[in-house]
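Below is one structure; the comments refer to it alone.
Proteins get letters first, then strands, A, B, ... in listed order; numbering begins at 1 in each. Everything numeric in this text was worked out from a predicted model, so none of it was measured.
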Amino acid sequence: MKIATWNVNSLKVRLPHVLDWLAATQADVLCLQETKMEDKVFPYAELEAAGYHAAHNGQKTYNGVAILARGTLTDVRCDIPAFADEQKRVIAATVNGARIVCAYMPNGQAVGSDKYEYKLRWLAALAEFVRDEMARCPQLALLGDYNIAPTDRDVHDPAAWKDQVLCSEPERAAFRRFVDLGLADAFRLFDQPDKTYSWWDYRQMGFRRNHGLRIDHILLSAPLAAECSACTIDKAPRKLERPSDHAPVVAELVAAAEAKPA
DNA sequence: ATGGCTTGAGTGTCAAGA
């Protein structure tokens, strides 16, 4: 089973990219962030025609998350139950026996800002939710745009980003909280090329200069980590016309006996 | 140089992203 996450920065603009990418990769599950649309205009029909069921939790202009799957989506849950929030940032569903949690974590804007405080409160609430979901379903994957570069290895210029939003120690501690729940960063289960990122600034030729950050992640509970045979970031869609500023992250899950995590 | 692109909303120009 191939599972993936992609911040598309407007599904209205990026639907052709998404359909092409699904056809090329044959992903079984794709989590989307920043759809920036209401549920009533979500392209269910186009996705069904491409062979994908979908569940969406969206709003106008901002945020919006979706799970696309070849298999049936059951037990769909939207938002963090214990956290009152207007912003549509979380959707969860069960696919092929695995609990898929798709999250668009807050950006935080600047360390010390109101949005940064919201980000930290939001991350703490999500961790509680994920802990409870994992208790119900031990096979859990938390995929999404975390808006956190977990270590300096995930940053093109660690000195410039030191203590800045996306890289600050409280945010990195929030990331480690998910790891402490028993989730593994699928990307780091394997040897990876240096300077591999999932986001590049639109400005200043960020992509061509590989001025990026690795802020999109797939975290896997132990049973799924044991089945993970590969995790990669697919830069191909970032090279297209009118790309999202994020690239998809993909994890391959195989029968436990065949998996060979590093 | 607190910018630089891109998107959505909406038709002038700003908020928000990361």
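Comparing B/dG12 with B/dT2, their C1' atoms are spaced 23 Å from each other, to the whole Å. As rounded to the nearest Å, B/dT11 and B/dA1 have C1' atoms that lie 30 Å from one another. Across B/dG10 and B/dA15, the matching C1' atoms stand 14 Å from one another, rounded to whole Å.
A 6.0 Å sphere centred on CD of A/Q26 holds more than 12 heavy atoms belonging to other residues, nucleotides or ligands.
Backbone-only engagement by A/H246 is indicated by non-hydrogen atom pairs under 4.0 Å involving sugar-phosphate atoms exclusively. Heavy atoms of A/N7 sit under 4.0 angstrom from primed sugar atoms or phosphate atoms, though from no base atom. In this structure, A/Y104 reaches the sugar-phosphate backbone alone: every heavy-atom distance under 4.0 Å involves primed, P, OP1 or OP2 atoms, never a base.
A salt bridge links A/R176 to A/E169: one of the charged nitrogens lies within less than 4.0 Å of a carboxylate oxygen. The pair A/K88-A/D39 does not meet the salt-bridge criterion, since no charged nitrogen lies less than 4.0 angstrom from a carboxylate oxygen.
Between the CD atom of A/E34 and the C1' atom of B/dA15 there is a distance of 13 Å, rounded to whole Å. Atom C1' of nucleotide B/dA16 and atom CG of A/N63 are separated by 10 Å, given to the nearest angstrom. In this structure, CG of A/D114 is placed 15 Å from C1' of B/dA16, rounded to the nearest angstrom. Whole-Å rounding puts the A/W199 CH2 to B/dA16 C1' distance at 13 Å. Spacing between atom CD of A/Q164 and atom P of B/dG17 amounts to 16 Å, rounded to whole angstrom units.
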Passes ring-ring contact (aromatic ring centres under 6.0 Å, His included), A/H217 versus A/F175? Steps please.
CA-CA 10 Å; A/H217 307 294; A/F175 183 89; 5.2 Å; yes
Give the intermediate values and the outcome of salt bridge (charged side-chain N to carboxylate O under 4.0 Å, His left out) for residues A/D152 and A/R172.
CA-CA 10 Å; A/D152 282 351; A/R172 288 178 169 176; 3.0 Å; yes
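Ring geometry for A/H211 versus A/H156: interplanar angle under 30°, hence parallel rather than tilted (30 to 60°).
Residues A/D234 and A/W21 come closest through the heavy atom pair OD2-NE1, 2.8 Å.
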Indicate for each nucleotide in nucleotides 3-10 of chain B, in 5' to 3' sequence, whether protein heavy atoms under 4.0 Å reach the base (B), only the sugar-phosphate (S), or nothing (-).
-BBSSSS-
